[in-house]
Amino acid sequence: MKKTILQQLFLWPFILVTSLVYAADGKLLATAGLTQVEGSGGGGIVPWATLSGYDSQEQVSVSAFNTHVSVDDYQLNVIGLATSFYDRVEFSIARQTFDLPNSVIGLGLGDEINQTIYGLKTRLYGDVIYSQFPQLSFGIQYKKLSDGAIAGAIGAAENQQGVDYYLAATKVHLGAVNGYNLVWNLTARATKANQMGLLGFGSQPKQDHQLVFEASLGVLLSRNLAIGVEYRQKPDNLAAFKEDNWKDIFITYIPNKHFNITLAYADLGNIAVADKQQGIYVSTTGYLW
Amino acid sequence: MYQQQGIYGDFMKLITFLLVLTLTACVNQTQKTLYEQLGGKDKITQIVENFIYEIEFNETIYEYFKETDIQRFHDKLIEHICVNTGGPCQYTGDTMAQVHAGMNINESDFNLTVDLLINAMTKADIPHPLQNKVLAVFAPMRKDMIYK
């Protein structure tokens with residue numbers, strides 16, 4: 001953990017410098033959104049229809065992000081890169097490191113769970129601000145566990161890899177809330193993933209993809225500050241490990257098209273028998289190109 | 001589930017807050033036109049003059065205006081904003097499609113120009129919520145302006 005944070009501290013000045021020189025800037029401020037916890041362009045826990053960078057139809061963008069979630073009994077650290085081409089296609093890669101509590105480490109299955117998520121998203125229709133109907137995108141997230149020992153031990157049907165498919169609609173309504181801009185997103189996801197895949201995919205009785213819904217709602221208080229809420233429905237596949245829906249309330253500061261930071265209070269419910277997991281979510285995205 | 005009422009409560013509070021704001025917005029709108037809220041012709045003139053200043057000092061966007069009759073642009077844009085915000089004016093200029101035909105404005109430059117308009121409004125002391133209402137009026141016209 002400490003090492004990762006230290007590495008990131010060294011990384012940010014570099015990102016800032018390349019960002020100031022090269023970063024795509026063709027979208028309006030804040031319309032690139034953020035990077036969600038699985039590495040796709042989004043809100044915080046929900047993938048959105050927006051693509052990850054500030055590239056317009058003539059530009060290419062590259063962004064890097066880091067997310068840290070610290071709830072009562074667990075910590076999750078995510079780092080990743082995303083690249084977006086002509087505001088049409090986004091590729092992302094994210095590495096999730098889930099720190100296990102001592103009670104689990106004692107079982108001898110390792111002290112963390114690592115998962116790599118490869119994302120692909122394509123914008124199907126529209127523009128988040130200008131089109132009459134919401135911007136619409138389709139995406140997939142291919143999730144690969146580094147070590148399936150824990151997922152296997154707790155009864156996941158598949159302990160190596162899984163694929164999520166999602167359709168997201170996002171819209172900004174200019175001045176809709178007494179002059180303040182309103183943004184909403186609705187995502188339908190087909191998934192087998194237990195706790196995003198960290199606990200494997202499916203279970204013996206529940207082996208199929210399930211349809212879940214995810215939503216975000218936010219208000220931009222100024223050009224640089226947004227507040228909002230998110231909700232993410234989750235499957236509940238594992239008999240011994242109840243899984244709850246996720247919620248968060250967030251505040252995001254977007255000083256410019258090079259950098260943004262989000263602070264959230266997340267309620268993740270039951271995670272691997274530890275109930276009522278609540279805590280802080282911090283995420284930063286830097287735009288390199 | 002019941003233990004999670006804290007954040008649920010916040011969720012509901014925010015939604016209620018949004019609803020109240022939206023309703024308040026509806027009430028306000030019936031009272032005053034956007035033109036009046038902005039501060040009438042004087043304020044719109046100030047915005048347009050600031051906008052022209054922003055354009056003149058932006059290399060990329062000035063390219064599009066090299067051949068433009070700035071005085072005409074000034075007068076017609078004031079009329080255009082006045083009419084579209086509910087003011088007592090008549091627009092005597094060309095349609096947006098006619099004005100932008102052949103300019104081949106791309107998406108980046110369009111958004112950059114929106115940024116310049118936002119700067120122009122900020123420098124004219126237009127509050128953030130009013131700026132958004134102005135942008136909301138003109139956003140649907142984008143389809144007649146880009147890649148033409």
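Please read these numbers as outputs of a predicted model, since none were measured by experiment.
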Turns out that what part of A:Q132 lies under 4.5 Å from chain B's heavy atoms comes down to neither
Under 4.5 Å to a heavy atom of chain B? For A:L220 that would be backbone
Relative to chain A, which segment of B:L135 carries a heavy atom at a distance below 4.5 Å: side chain, backbone, both, or neither?
both
Interface moiety of B:F138 toward chain A, non-hydrogen atoms closer than 4.5 Å
neither
To the nearest 0.5 Å, how far apart are CD in A:E58 and CD in B:E107?
6.0 Å
With rounding to the nearest 0.5 angstrom, report the CG to CG distance, A:D127 to B:N111.
7.5 Å
Most heavy-atom pairs under 4.5 angstrom with chain B, which of A:L29, A:D25, A:N181, A:L221?
A:N181
For B:Q131 and A:L174: C-alpha separation, side-chain torsions, deciding distance, then whether side chain to side chain contact (heavy atoms under 4.5 Å, CB included) applies.
CA-CA 9 Å; B:Q131 292 186 12; A:L174 293 171; over 6 Å; no
Heavy-atom neighbours of A:Y125 OH exceed 12 at 6.0 Å:
yes
For B:F73, I'd like to know if atom CZ has over 12 heavy atoms of other residues, nucleotides or ligands within 6.0 Å.
yes
Do the ring planes of A:Y130 and B:F110 sit parallel (below 30°), tilted (30 to 60°) or perpendicular (above 60°)?
perpendicular
What are the two closest heavy atoms between A:N178 and B:P129, and how far apart are they?
O-CB, 3.6 Å
